[in-house]
Amino acid sequence: MSSDLEKNVTVNVSYIDPPSRPSLTIRPQPMAPTDAATGRTDRSHSVSSDSAADKDSLKKGGLISMSENITATQTVVAVVPASYQCSNEVEELKIRRSRDASTEHRRPGKLGNVFLPLFAAVTLAWWVSGLVVKETKHEWIPRSIWAWFFLLVTLFRYIPASIISKPIGAVWSAAIANPFSNFSSRAKLGMLWACALAITFATAFGSARPSGTAITDRVISLAGIYFCQLIIVGMSHNKDAINWFSIPRSIILQQALALFILRADAGIKFFTWINSAVSDFQSSAIAATALIFDADTTGKAWFFVTGLATMIFLTSWVQMLYFFNWMQWFTKQFAFLGYHVLSASGAETFVALWTPWFGQVHSAILVNPYVDIMTNSEIASIMATSMSSISSLMILSYATKLAIPLRALIAISGISIPGAIINAKIAFPEATVDENNVLIEPLTKTRESTCANRKKINLRKAVDLLDCLSDGALLGLKVAGWVLTNFFCILSLLVVVDGLLIYVFRSFGVHDLDLHLVIAAPLAPLTFFLGVPRNEVWRTAYILSGKLLVNSDFAMAALNAAAAGIKGAGPGSGVLSERAYNVMVGALANTANLGALGIQVGVMVALAPNKKSVICKAGIPALLVATVSSIQAACIAASLF
């Protein structure tokens, strides 16, 4: 037994009751027992205390049996389950966070006292001028959010955040957390499901229906939400490890975002501003390619040109942010959000929040130092999440070149955020074990674990900024090489398979059968549950198969042609109905296709070559999860159309 395991870790429990209370002693068990039923080792700790108050706390926390008759003079030894486990370093961080805020708060130094007030004054002036100037007056919502974010960050450098967080925490505990904790797990789950059903039914039947939308259409879309959820649960690799509370939480979050974006002007303005800001940021790399190629070549939007430029630019930028430790800070904050809301790690949450804006390749690049140390579940979840929406550049391209409604594209991108990551964690729950058959948890699971494992990430320490940017450019070139070669390989293989299929069935007198029709058959139930008119189910399924086999550009062009009544390949003729068009825009606004699968495998292998087998094995399941998740988000949007 190592010396680390023999040491006692004393944890002050003053954050539960007054500091005068005695301490709990956490001692790792000398031998880790193995569950005969599961064969998994229980990495539990024994917790002992001589305090009656501590025993009451242990009872309330479920660490000891409520039926045990314990006196104040007895010593309690309780087994802490795996959910309470953490390393000594993580435990130390928790202790440090529980100390009095006045001893932890660090005020700015001399340079900070000069810079921070000046920065706050400039930010305040920028915000006020934006409200007054006519040209920027319409942007008051995003300007206010960003301005007050930076103003509050500056303010909390001088005053401890506990001045606000403690009263809010006290009210939350008294009004919600403590009463809610008295209910059983089944009762809590039932209340969440009641909320999910209430918000979906109220949305579907309480909002006005446009012309051409029957009540049965919305009923089918409503059923499609739960039909897709059943498919995701059925695809789960380990149903015993599913967090069942996350399912109704996902539906509630997606429905709330749909209402915020599609029904509130503030919502669409805010998300439109984010989309414009990110697309302008990425377009700066495309503009720089005109210095290497001519303007006509850049304007053709070739993937080889624009894709290569944006990959190199964004990777260099991300490496610079890691150099200044900003990305590590963001990952830590996203770990808090992911742990408490999305049931995901900080790295997974980071990717989920930024995929609708940066796209599948660039969102994975945001967490590139963490990919090498991710669990199998995290890798599969990131792959599925990255293919569940489109980037801001694609949104802008569809809106300007194909005249696709901008509001519908932005809405489906926002709606897909919580559903994509939660569905991915349902399909790929944490089940990676070490050589001792002990469950391995993500290193960015919580804020404390993210801080404790910050030195384990695969990040070369650059000597200066120029060295850092060079590392980023080289990594971007490497990612672009993997992406392009995998993309070409898979698309070429699809052309060969399609040709062989046509050649074989032509001998049987079947001349219209191609790969699109073969894929459209299993997609027809999904398009039915989208709530399209029943006579257009097969036609929309064929369009959806084009997205799955080729890409969203091809499918969006086919959708526009069908809406214009242009006869194309595949079944059906005439003008596509307005409802079918609007619903299909949401179903096609993602990169869940076989070509994108090659892109996703390429970027992940470039970031973590030693996990190539894990990445390739997770590819097809991740593609299926992304497809169903995007259909579910489209069903939620369709319940408002």
Side-chain angles (χ1 to χ4, degrees), residues 204 209-228 231 387-390 398 402-405 408-409 411-413 415-416 512-594 596 623-624 626-641:
R209 298 193 310 273
S211 59
T213 298
I215 189 65
T216 54
D217 295 331
R218 286 195 171 179
V219 170
I220 294 174
S221 298
L222 195 62
I225 299 172
Y226 300 96
F227 175 72
C228 292
I231 296 177
M387 293 186 286
S388 298
S389 59
I390 56 178
Y398 293 155
L402 299 178
I404 305 294
L409 293 171
I412 202 66
S413 294
I415 295 169
S416 67
D512 296 330
L513 184 65
D514 59 3
L515 204 54
H516 286 272
L517 286 174
V518 173
I519 299 298
L523 293 178
L526 292 178
T527 55
F528 169 79
F529 277 106
L530 280 170
V532 300
R534 263 58 72 201
N535 61 333
E536 295 176 330
V537 168
W538 183 246
R539 190 179 184 187
T540 52
Y542 187 84
I543 295 174
L544 186 61
S545 70
K547 191 271 300 180
L548 184 62
L549 289 173
V550 187
N551 56 30
S552 298
D553 297 356
F554 176 85
M556 288 289 188
L559 181 65
N560 269 2
I566 300 174
K567 174 63 178 176
S573 60
V575 178
L576 196 68
S577 66
E578 183 180 358
R579 175 170 176 82
Y581 178 83
N582 290 331
V583 170
M584 286 303 296
V585 165
L588 301 178
N590 57 83
T591 57
N593 58 76
L594 292 174
L623 174 63
L624 297 177
T627 300
V628 178
S629 295
S630 61
I631 295 295
Q632 185 186 45
C635 288
I636 290 176
S639 65
L640 288 167
F641 291 155

Shortest non-hydrogen contact between Ser639 and Ser221, atoms and distance: N-CB, 4.1 Å
Closest approach of Ala634 to Ala587 (non-hydrogen atoms, all atoms of both residues): CB-N, 3.7 Å
Sequence neighbours excluded - salt bridge (charged side-chain N to carboxylate O under 4.0 Å, His left out) pairs with any residue from residues 516-537: Asp217-Arg534
Candidate pair Leu588 and Leu544, rule side chain to side chain contact (heavy atoms under 4.5 Å, CB included), full reasoning: CA-CA 7 Å; Leu588 301 178; Leu544 186 61; 3.8 Å; yes
Inter-residue atom distance Ile231.CD1 - Ser629.OG, 0.5 Å rounding: 10.5 Å
Pairwise distance CD1(Ile404) to CE(Met584) - rounded to 0.5 angstrom: 11.0 Å
Residue list, side-chain hydrogen bond (donor to acceptor under 3.5 Å, both in side chains) with Asp553, at least two apart or on another chain: Tyr398
Distance-only donor-acceptor pairs under 3.5 Å for side chains of residues 554-564, two or more places apart:
residue, atom, partner, partner atom, Å
Asn560, OD1, Tyr581, OH, 3.0
Asn560, ND2, Leu402, O, 2.6

Short side-chain to backbone donor-acceptor contact, Arg579 and Gly531, under 3.5 Å: yes
Please tabulate, for the side chains in residues 520-527, all donor-acceptor contacts under 3.5 angstrom to protein atoms that are two or more places apart in sequence or on a different chain.
residue, atom, partner, partner atom, Å
Thr527, OG1, Ala524, O, 2.8
Thr527, OG1, Val537, O, 3.3

Polar side-chain atom of Ser545 near backbone of His516 as donor-acceptor pair, under 3.5 Å: yes
Leu515 side, atom CG; Leu549 side, atom CG - distance, nearest 0.5 Å: 5.0 Å
Qualifying residues under side-chain contact (heavy atoms from CB on, under 4.5 Å), relative to Arg209, sequence neighbours excluded: Thr213, Ile215, Arg218
Set of residues satisfying side-chain hydrogen bond (donor to acceptor under 3.5 Å, both in side chains) with respect to Ser630, sequence neighbours excluded: Asn590
Nearest-0.5 Å distance that lies between atom OG in Ser388 and atom CD1 in Ile412: 11.0 Å
Straight-line distance of Ile225 CD1 to Leu530 CG, nearest 0.5 Å: 10.5 Å
Leu517 and Trp538: CA distance, side-chain angles, deciding distance, side chain to side chain contact (heavy atoms under 4.5 Å, CB included) verdict: CA-CA 10 Å; Leu517 286 174; Trp538 183 246; 3.9 Å; yes
Side chains of Ile390 and Ser413 in contact at under 4.5 Å (non-hydrogen atoms): yes
Euclidean distance, Asn593 CG relative to Ser552 OG, rounded to 0.5 Å: 6.0 Å
Donor-acceptor contact below 3.5 Å, side chain Lys547 vs main chain Ala592: yes
